[in-house]
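Note that the coordinates shown come from a computational prediction; the quantities given were computed from them, not determined experimentally. Each residue takes its place number in the sequence, starting with 1.
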Amino acid sequence: MPTRQPQRIATRRTFGDVIIGLGALLVLVALVGGVPYALLRLTGPPIGPALLDIDLITSQVGPSTLIPILNLILWIVWFRLLICVAVEVYAGIRRIGMPARVPLSGGTQAVANRLVSAALVLFTASAAVIPLVRAQAPPPIKPNVTTVAAVTHQQSAAAAAAEQRQVLHEVRKAKKVYVVQPPHGRHHESLWEIAEKCLGEGRRYPEIFKLNQHKEQPDGTRLHMADLIRPGWVLDMPDDAVNVHIVPAGQPRTETLDDHRGRPAELDGSTRYDAGKGAGDAQAVTPRGETETPEKHKEPQKALPEEKAETPPAERAEAAQEPPPEERQAADDRWAQLAEEDRARAERDAAEQGLHLDVGHYLAGMSLAAAGLLVLLGRRRRAQLWRRAFGRRIARPRDDAAQAEVALRLGADAPGTRMLDIGLRVLGRALALRGRTPPTIYAAHLSATSLDLWIHPPQEEPPAPWTAHDGGRVWRLAAHEGRMLDEHSVADAAAPYPGLVSLGTDESGRVLVDLEAAHGLINITGANTTAALAALAVELGTNRWSDRMHVTLVGFGDDLAAIAPERITCAGSLAEVLPELEARVRDQVREGEVLTGRVNGRAADPAWPPHYLLSAIAPSPEEARRLALLAREGTRTAAGYVVAGDVEHATWTWDITEEGRAKVDALGFEVNAQLLPRRQYAALVELFGTAERFDGEPLSAEREAPIESRPPAVEVRILGPIEISAAEPLEEGRMALAAELIVYLSTHPGGVHPVVLGGVLWPRGVQTAVRDATIERVVNWLGTDSEGRPHLFTDRAGRLRLGPEVRTDWTLFRELVRRSHGDAAGRAALLDRALGLVRGPLLSPRPRGRYAWLADDDLEYDVTAEVADAAHRLCEVRLARGEAAEAVAAVRAGLLLAADDEGLWRDLLRATHATGDTARLRAVVDALHRRAASHPYGGGMAPETEALIDELYPAWRIQSVPSA
């Protein structure tokens, strides 16, 4: 389609222009003034008495009704025309170009546009409104504008004459790109390092990932995972990127690679690149933020390519010549050094990353498995605290393992897990009391509003609080009913459906299938079969709606057995496990239905403990036949068999597509599959491996500068319930987010880039406008300090920081503890003052879904260890002085925050024993036993603690027998 060229407006108006303008002016006067005058004289005001009569709604339609309505419509049409005329007059007088579009104006604005444009010609020859363009017509192309300074009047006139004859060209659009470089030694580039070098912050790598995700690269591959990029790829970069190449927007990536193959932009003297807005000279930014000007690139460069003529071939060839070998070697050495510095910087800042795009994507989606994994992880952490040494903290996960825990905290659905567990046990107990056989449940759907069980065959009248729907095909437990169920009433009830496991998610919730309901062999085909089997294994091994089950993994999952050794075992081949499975089936007692026996059993000793086999090795024809016979044995077996590969005797087939969709044709399901890929699997194994380390690690060595003695203008209290003292309270609905923002900034005094902060506060993503509005709201809320500076500001590097008059109670705690080390006389007073700042568990109560970043931060680990150590030191000082009661108070202050630290409980036992009050000691022992028995993570108490109780209060075992 030919491009319409801009037309110049004539400098003189003709006689015809005057006639047309006068006519348009008269028509405008008639429409704007004459129409309302005529309407007022003939029909009256817009809303007359007839329209205000309430009987108009029920009265019969007639002329007395239609005329007032038509009158109102005419007034509305005139008012719309008046608005269009006003908009067009404003646009024409102010010369703002394209006038604003009036909603619902239709062709009325086009008529007003033509009338106003013609009328304005009477007053100025150059004041014209740009005609409205139809929606399908392309917008006019703006001409290039060249500004020339200090020219003579004759030169200006000649330039104007030449400009009239010049053919206007379209400005070429440009974009910023980065060419991924080949490895230097064993060092390969990563998106983190590219973001660090080009965006000033490594944690902004998700911006680069989103710009290039699924786009084809010169080698024909595409970017699917943030940690897998290849040399020679051409990456689109954000608008504020530096040290990048500037290329035409439509240039193919292969051509870009040919033009810019070799060194990166900041070291290639023959390449045009951008060094940031407002830079007169091309500059390269080092990882430390310093700027350097390459020796071969001293001439000023423009930020965007605006020149209309291409570089002559001779100059381009000369510029493309290789530098001398010694300069090339020096540049290569310097680049290798910068790359090594980038890598070291990335490792130092790894603990400050937001949720990793790939690690978190899958693990956060495993909401039910995540809840079970966190319970097991909490149990391991308790065991670590049993053996924590004074002056050390428990081992903290790093890198992918830390990101895995962040994802688990973010995605865990503890309420949904509880409703699934308690709701099924209540159902099984109620059916057993009525003597009814539990129905076959082939699938379940868990959403925010309900838990649905899909029954076959349909049955009516489920026990309350369950209700029947769809003719008895669905039994439903409403979420509000599930939340009110008493789990203590079914503490000893057996789990009726332990084989329920997540298949995936749909638009409204999570779909689960019962492995036992297949009545036969289940096979998984397609891509990601091992990842699907690993996800099944993790959920089966950690869920709370199953009792004493056994899961056998064949051909994979050796490390998963260490996560749940009481449930999971591994084997190298099907030949190893088939004889044992066949013997188990032969020996199984079959007195009626399996489910009937199961629901009449006890959770601690269920009838027919279920067994599930997951095999990543495709069975041979003979093995498939034997597995199929095992799976079909009996009307209902307490077992399930899932194998990879296309198996002839399979009852259900799950097909996992490359896009991550799971299809079960026999059930009519197609959902987003629950997967645990290799990298996420390794991160999970490493996370639990870290929780098995009992040596601990040193506390964080970073210390803040000495604080001022005067009270802060804003105090952030995190050693207990979250409190922020500000001039005015913030709206209740906004307080949780604002508090988390301030807590994160106050515990990261080095500053945080807004993009990184957005990833921390909104791990699942947020619009830039929402993020910036939130930050601005907090800036206004905190106000300014005594010198008029905002408490929350942006430094020169673009990082958000809190001012010097904002302080946390954690900073003051560490300062008081630091002073106590050098003041023997005032040590007790300083430690007592520090522990007086502790008011409860760290950052309590935490809103669900928030503060997941604590899993990848030193704060939670350091606070718990240092508070416990301070209480231990003060207890020893008080006991040495014979102040037993004060020692008890010191330990209890530490237990407010570090309640799981067994060392503090032993200190409390010793301090209470020193008071000589036997009744008080017995109360402490009873409280410790009650807490160990009801702890959400279980695990009892440390052997050292039990041994100390035996030493200080031997009668506790005898007195505890009757209560048992």
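Side-chain contact between R204 and E196 is absent, with no heavy atoms from C-beta onward closer than 4.5 Å. Within the 4.5 Å cutoff, side-chain heavy atoms of F813 are placed close to those of V867. Between H929 and I949, the closest side-chain pair of non-hydrogen atoms falls below 4.5 Å. Two residues are said to be in side-chain contact when any heavy atoms from C-beta on lie closer than 4.5 Å; L909 and W905 fail this criterion. Side-chain contact between L952 and T912 is absent, with no heavy-atom pair separated by less than 4.5 Å. Using a 4.5 Å heavy-atom threshold, the side chains of M419 and R483 count as separate. Counting only heavy atoms from C-beta outward, the side chains of T529 and W654 never approach each other to under 4.5 Å. Within the 4.5 Å cutoff, no side-chain heavy atoms of H611 are placed close to those of M549.
The main-chain N or O of M941 is never found under 3.5 Å from a side-chain atom of T945 such that the two would form a donor-acceptor pair. Between the S844 side chain and the P841 main chain, a donor and an acceptor come within less than 3.5 Å of each other. Checking side-chain atoms of Y612 against main-chain N and O of L515 turns up no donor-acceptor pair under 3.5 Å. With R396 contributing its side chain and G696 its backbone, the two residues share no donor-acceptor pair below 3.5 Å. Not one N or O on the side chain of E866 forms a donor-acceptor pair closer than 3.5 Å with the backbone of R814.
In this structure, CD1 on I742 lies 10.0 Å from CG on L737, to the nearest 0.5 angstrom. The line from CD of Q403 to CZ of R679 is 9.0 Å long, rounded to the nearest 0.5 Å. The distance from the OG1 atom of T811 to the CG atom of L816 is 11.0 Å, given to the nearest 0.5 Å. Here L553 contributes atom CG and T569 contributes atom OG1; the two are 7.0 Å apart, rounded to the nearest 0.5 Å. Taking CD1 from I656 and OG1 from T530, the interatomic distance works out to 11.0 Å, rounded to the nearest 0.5 Å. The distance from the CG atom of L859 to the CG atom of L843 is 6.5 Å, given to the nearest 0.5 Å.
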*Verify side chain to side chain contact (heavy atoms under 4.5 Å, CB included) between L854 and R846, making sure each step is shown before the conclusion.*
CA-CA 11 Å; L854 287 172; R846 302 177 194 172; 3.5 Å; yes
*Is there a salt bridge (charged side-chain N to carboxylate O under 4.0 Å, His left out) between R717 and D809 once you walk through the steps?*
CA-CA 5 Å; R717 303 185 185 99; D809 54 355; 6.0 Å; no
_Test log, rule side chain to side chain contact (heavy atoms under 4.5 Å, CB included), inputs V513 and L500_ = CA-CA 5 Å; V513 295; L500 277 176; 5.9 Å; no
*In sequence, state the C-alpha distance, the side-chain angles, and the governing distance for E815 and R818, and then conclude on salt bridge (charged side-chain N to carboxylate O under 4.0 Å, His left out).*
CA-CA 5 Å; E815 176 67 13; R818 185 188 63 81; 2.5 Å; yes
*When you look at R839 and E723, which way does the salt bridge (charged side-chain N to carboxylate O under 4.0 Å, His left out) test go after all the steps?*
CA-CA 11 Å; R839 297 167 293 112; E723 295 180 1; 3.5 Å; yes
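Ion pairing of E697 with R392 is absent here, as no side-chain N (NZ or NE/NH1/NH2) approaches a carboxylate O to less than 4.0 Å. A salt bridge links R393 to D858: at least one charged side-chain nitrogen sits closer than 4.0 Å to a carboxylate oxygen. A salt bridge is defined here as a Lys NZ or Arg NE, NH1 or NH2 lying under 4.0 Å from an Asp or Glu carboxylate O, and D421 with R425 meets this definition.
Relative orientation of the Y205 and W192 rings is tilted, given thresholds of 30° and 60° on the angle between their planes. Taking the six-membered ring where the residue is Trp, H748 and Y744 present parallel rings, their angle staying beneath 30° rather than reaching 60°.
Scanning both residues, L533 and S615, for their nearest heavy atoms gives CD1-O, 3.3 Å. The nearest pair of heavy atoms linking A870 to V817 is CB-CG2, 4.3 Å. Listed here is the closest heavy atom pair of T417 and A371: OG1-CB, 3.5 Å. Taking all atoms of both residues into account, the shortest heavy-atom contact from A890 to L835 is O-CD1, 4.0 Å.
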Throw together a table of side-chain donor-acceptor distances under 3.5 angstrom for residues 407-415, partners on residues two or more places apart or in other chains.
from : atom 1 : to   : atom 2 : distance (Å)
R409 : NE     : E405 : OE2    : 3.3
R409 : NH1    : E860 : OE1    : 3.2
R409 : NH2    : E405 : OE2    : 3.0
R409 : NH2    : E860 : OE1    : 3.0
D413 : OD1    : G416 : N      : 2.9
D413 : OD1    : R848 : NH2    : 3.1

Review item, side-chain donor-acceptor pairs of residues 536-543, under 3.5 Å, at least two apart:
from : atom 1 : to   : atom 2 : distance (Å)
E539 : OE1    : S502 : OG     : 3.0
E539 : OE1    : Q674 : NE2    : 3.1
E539 : OE2    : S502 : N      : 2.8
E539 : OE2    : S502 : OG     : 2.9
T542 : OG1    : V538 : O      : 2.7
N543 : OD1    : W545 : N      : 3.3
N543 : OD1    : S546 : N      : 3.0
N543 : OD1    : S546 : OG     : 2.8
N543 : ND2    : E539 : O      : 3.1
N543 : ND2    : S546 : OG     : 3.4

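Within a 6.0 Å sphere centred on CD of E580, other residues, nucleotides and ligands contribute 12 heavy atoms or fewer. Atom CZ of R678 sits in a sparse spot, with 12 or fewer heavy atoms from other residues, nucleotides or ligands closer than 6.0 Å. Within a 6.0 Å sphere centred on CZ of R892, other residues, nucleotides and ligands contribute 12 heavy atoms or fewer. Heavy-atom contacts from other residues, nucleotides or ligands closer than 6.0 Å to CZ of R418 number more than 12.
By the salt bridge (charged side-chain N to carboxylate O under 4.0 Å, His left out) test, R906 is found to be paired with no residue, residues two or more places apart in sequence or in another chain being considered. Residues passing the ring-ring contact (aromatic ring centres under 6.0 Å, His included) test with H753: none are found, sequence neighbours excluded. Taking the side-chain hydrogen bond (donor to acceptor under 3.5 Å, both in side chains) definition, one finds that R931 meets it with D900, sequence neighbours left out. Listed by chain and number, the residues in a ring-ring contact (aromatic ring centres under 6.0 Å, His included) with H550 amount to none (sequence neighbours excluded).
Using modelled atom types and a 3.5 Å distance limit, the side chains of R510 and S367 yield a donor-acceptor pair.
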